[in-house]
S.K.: 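Starting off with a structure, shown below.
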Amino acid sequence: MNKKIVRIGAAFAALTLSLGSAACSDSEDSGKPTKISMMVLGDKPSNGRLEAMLKVLNARLTEQANATLEPHYIEWADWQTQYNVALLSGDTSLDLITTATDWLFAWENAQKGAFLPLSADMLKKEAPKTWAQVDAKGDWDLTKLDDGQIYFIPEDNYTQWTNHGFFYRGDWAKSAGIPDGTITKFEQFTQYFQWVKKNKPKAYPWDVAKQNEGALTGYLQGHTDWVTLQEVSTSSYYPFQIDNSGATPKVTSWYYSSDQLLPAVTQTKQWNDLGVWREDALNYDGNTREEMYAGLSGTEQHHTQTFVTQVVDTMTKKQPGSDPKMFYWGQENGNVYRDIKTHGAMAVSANSKHPEKALQVYDLIRNDKTDYDLLNFGIEGTDYVLTADGKLDHPKGWDISKDALDSNFWGGRMDEFEPTKVTDAPNKADIYKGLDAVAKVYPFSTLRVKKDQIDPTLTAIGGVFSEYIPQLQYGKVKDPAATIAEMRKKLKDAGFEDALKSIQADVDEWSKTHKAK
Amino acid sequence: MAIQLDARRVRSGESRPAGDGRDRLRRIGHSKTLIIMCLPAILFFLVFAYAPLPGSWIAFTNFNYHDGIFGSPFVGLRNFEFLAKSGQLWKLTRNTLLYNVAFIVLGNIVQIAVAIMLNEIRSKYFKKVSQAVMFLPYFISVVLVGVIAFNLLNYDTGALNALIERTGGDPIKIYSQAGLWPFIIVLFHLWQSTGYGSIVYFAAILSIDSTLFEAAAIDGASAWQRTRYVILPSLKPTFIILLLFSLGGIMRGNFGLFWNLVGNNATLYDTTDIIETSVYRMIISQNNFTTSTAVGLYQSLFGFALVMLCNWLVRRVNEDYALF
């Protein structure tokens, strides 16, 4: 199947190569507005709201820059493959591309030449406001490869916390005998789960579906002071951590080296035997968040952003008195990091025929408040309303599952344009403040791992992980110690230590010019 | 369809002495309709199988967008390494082969049996209805098949276990017993493919010369004897051609079916992991088209070698049955 995709891709690449040069248009010079296509990630809405908004927005953009914006959706089904294939195909109709260094392969694609290098002069001329804002924060370095060129624009002025954790019910935790109903240590979930299992027969203590490493990574993050290296992933896993406690940062791995993996797996086995999740959680495909909203799950696993923007509000409405709370990974030992500033970013396609126009449009949707509001919130009155105290609300009868705008602009949101939302958790500010006080800045954002050299090894490592982690995360093993040893042996055979060494060399090189603390 | 699949007739057509150009043109003129009917298939293979062939070169490169497929640095067999390094090559090759052998052998047997039974049905309406009912699963998306299987087989809420519990038994943890899955997967595969596959055999039976049946009837052949001595021998060429076709794909798995039935359930991988599913998991988050092409190439070359070998064997036994 993959091969067919590659073949199709290759065929199109060949076609566009031969046709591309002939098809250059110069509509910028003529009076017609230039169409700027922006790749976004998300499911394309079909309720007409997006089109209605674009009509208004594009009238403005035509006036401001003689251009129009057209979102191009990469839908969530098979998005990893679709995203990369779209870039590989050399599609000349794409201009702006949403990207990210930790989850959207920004460095790989920059290295492979998918993005247009952006010169300072070009940015200053075509996107002056963006240039000035990012420059003032000193964040352009976060977007450069070894060649010193800028490859994308960071969403560096938008505060969000995508640190993961467990959402649980304060009322049930209290009944479980946990002081104040507030969990402060990862292991306390055993007590919570036991109580739910015994007293809420209809509910799963933690209804969880398919891949979810939380039971392992949550434990490991709270029991080591290592930080996950976000630049290297394989299969669906991040295999490497950095031990930053010594004089120089040392590359290591929870799954390969940590003593804490055994107690973590021993605990998942205990949870599995207790019936914390469905026996067939690995194959179950239900909407577990809805289960929690329906009172059928005691726990849900996701990040702070989801908690403060959706879960608190919905739980308060659907399960009155449930007192939703969140325990985040690393809460017990303060091993928690801020979001990196390139968790969202925007690149210009190397094949774009109108890179200058694309930057002009980007500068507008990022910095012009009216354009920004239209793109992100829609049309005032039908998509959203503002309350008397300036909070963002939706008009009466608005239903998220039917009326959502879903423009999915994640490559340039700005704090100053983001209103408080009526549905935000009332204690959002406190939660942010609490995180602010302990969270550290991820120091390795400027590290560029030479992945070319370890790619085949990483693929093999991914194969081993995908065979073992699902069993370990759900405690589906007879003898945790033996299974861990078996996995580590296979990782070694796959070349894990070569990869460690190669990344360590990159880190050492980086350390000469950068500070890890 | 039956005519095209009958090896002997195709061959006898080919073995006609080659005429001069005008003769050939006239022959093409005669086959105009046939050629037009084949055109979509010919185009399909040209566009999707032959035109991209040179692109396979990507499997031997460290690909980057700038230099393109043929300009990127050559890295030899490095992109094939991971299959061996992950320590799974043997298991994956074994599983893929065994499943395909089971699919091909059982599939053809069941399809032939069904085709013969359909042929014996006298009521026209019952025949049509049976065909339609058997054909239906072919159109059900494998995603739905996966959901159906889960709702039948899962431990907590599955229909099968509910039935076992009601009748006083102990529920079975089907999704953690690797030994059961070869049967489950083969069963689902047969359920999906039998109706479709039997059509070809049914058509072949219909094209059997009716004088053979009349002669058998005069000689007093029973239904079983008719099947054994008339139908089965007449189906042999069709069977061999279909077999040779399917051998080419023996290293390719039915990715959709396996992925939707098993997915991330690593406890079942010993008996259910095939090349496609494993590779999919390995490279899902890696922007790595070179390794996936490498795998595809490995599968294609293996299938190619196998087809050549079997065709050679078939030709030695009976030249008429060989593809070429």
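The analysis underlying the following values was restricted to heavy atoms, covering all of them including side chains, and did not include hydrogens, waters or symmetry mates. Within every chain, numbering begins at 1; the chains are lettered A, B, ... in the order of the sequence lines, protein sequences first and strands thereafter.
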S.K.: Can a donor-acceptor pair be found between the side chains of A:Q211 and A:Q473 at a distance below 3.5 Å?
M.R.: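 Side chains of A:Q211 and A:Q473: no pair found under 3.5 Å.
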S.K.: Heavy-atom pairs under 4.5 Å with chain B: which of A:I461, A:D452, A:V464 has the most?
M.R.: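 Winner by heavy-atom pair count: A:D452.
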S.K.: Is A:N283 in contact with chain B via its backbone, its side chain, both, or neither, using a 4.5 Å heavy-atom distance?
M.R.: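 Contact with chain B: backbone and side chain both.
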S.K.: Answer with side chain, backbone, both or neither: which region of A:Y284 has an atom nearer than 4.5 Å to a non-hydrogen atom of chain B?
M.R.: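 Contact with chain B is through both the backbone and side chain of A:Y284.
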S.K.: If you count heavy-atom pairs under 4.5 Å with chain B, which of A:A281, A:A350, A:P470, A:G275 comes out on top?
M.R.: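 Heavy-atom pairs under 4.5 Å are most numerous for A:P470.
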S.K.: Could you tell me if B:Y269 and B:Q88 have a donor-acceptor pair between their side chains, going purely by distance under 3.5 Å?
M.R.: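 There is no such pair between these side chains.
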S.K.: Side chain, backbone, both or neither: which part of A:Y204 has an atom under 4.5 Å from a heavy atom of chain B?
M.R.: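 When you check distances to chain B, only side chain atoms of A:Y204 fall under 4.5 Å.
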S.K.: So which of A:E279, A:K210, A:R278 has the biggest tally of heavy-atom pairs under 4.5 Å with chain B?
M.R.: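 Top count of heavy-atom pairs under 4.5 Å with chain B: A:E279.
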S.K.: Among A:S466, A:G463, A:G495, which residue forms the greatest number of heavy-atom pairs with chain B at distances under 4.5 Å?
M.R.: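 Of the candidates given, the most pairs with chain B belong to A:S466.
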S.K.: For the residue pair A:F152 and A:W107, is the inter-centroid distance of their aromatic rings smaller than 6.0 Å?
M.R.: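 Yes, close enough.
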S.K.: Per the ring-ring contact (aromatic ring centres under 6.0 Å, His included) rule, which among A:Y238, A:Y83, A:W79 passes with A:W103?
M.R.: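 Single pass found, and it is A:W79.
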S.K.: Could you give me the CA-CA distance, side-chain angles and deciding distance for A:K490 and A:E467, then say whether salt bridge (charged side-chain N to carboxylate O under 4.0 Å, His left out) is met?
M.R.: CA-CA 10 Å; A:K490 282 205 182 174; A:E467 197 184 340; 3.4 Å; yes
S.K.: Can you say whether B:L261 sits under 4.5 Å from chain A via the side chain, the backbone, both, or neither, judging by heavy atoms?
M.R.: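 Just the backbone, heavy atoms under 4.5 Å.
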S.K.: If you take the centroid of each ring, where Trp contributes its six-membered ring, are B:F150 and B:Y175 closer together than 6.0 Å?
M.R.: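 Between B:F150 and B:Y175, which both carry aromatic rings, the centre distance is below 6.0 Å.
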S.K.: With a 4.5 angstrom heavy-atom cut-off, which part of B:N62 approaches chain A: side chain, backbone, both or neither?
M.R.: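 Just its side chain gets close to chain A.
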S.K.: Classify the side-chain pair A:N272/A:W277 by whether it contains a donor and acceptor separated by less than 3.5 Å.
M.R.: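 Yes, a side-chain donor-acceptor pair sits under 3.5 Å.
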S.K.: Considering only heavy atoms, which portion of B:F80 lies under 4.5 Å from any heavy atom of chain A: side chain, backbone, both, or neither?
M.R.: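 For B:F80, no heavy atom lies under 4.5 Å from chain A.
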S.K.: So which part of B:V262 gets closer than 4.5 Å to some heavy atom of chain A, the side chain, the backbone, both or neither?
M.R.: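 The backbone, not the side chain.
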S.K.: Where does B:Y155 contact chain A at under 4.5 Å (heavy atoms): side chain, backbone, both or neither?
M.R.: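 Its backbone and side chain both get close to chain A.
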S.K.: Quick one: which of B:D156, B:I174, B:T267 has the most heavy-atom pairs under 4.5 Å with chain A, could you say?
M.R.: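 Greatest number of close heavy-atom pairs with chain A: B:D156.
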S.K.: May I have the step-by-step check of salt bridge (charged side-chain N to carboxylate O under 4.0 Å, His left out) for A:D493 and B:K85, ending in yes or no?
M.R.: CA-CA 7 Å; A:D493 293 345; B:K85 273 182 155 181; over 6 Å; no
S.K.: Salt bridge (charged side-chain N to carboxylate O under 4.0 Å, His left out) between B:R281 and B:D273: does it pass, once the steps are laid out?
M.R.: CA-CA 11 Å; B:R281 293 196 314 272; B:D273 215 12; 3.0 Å; yes
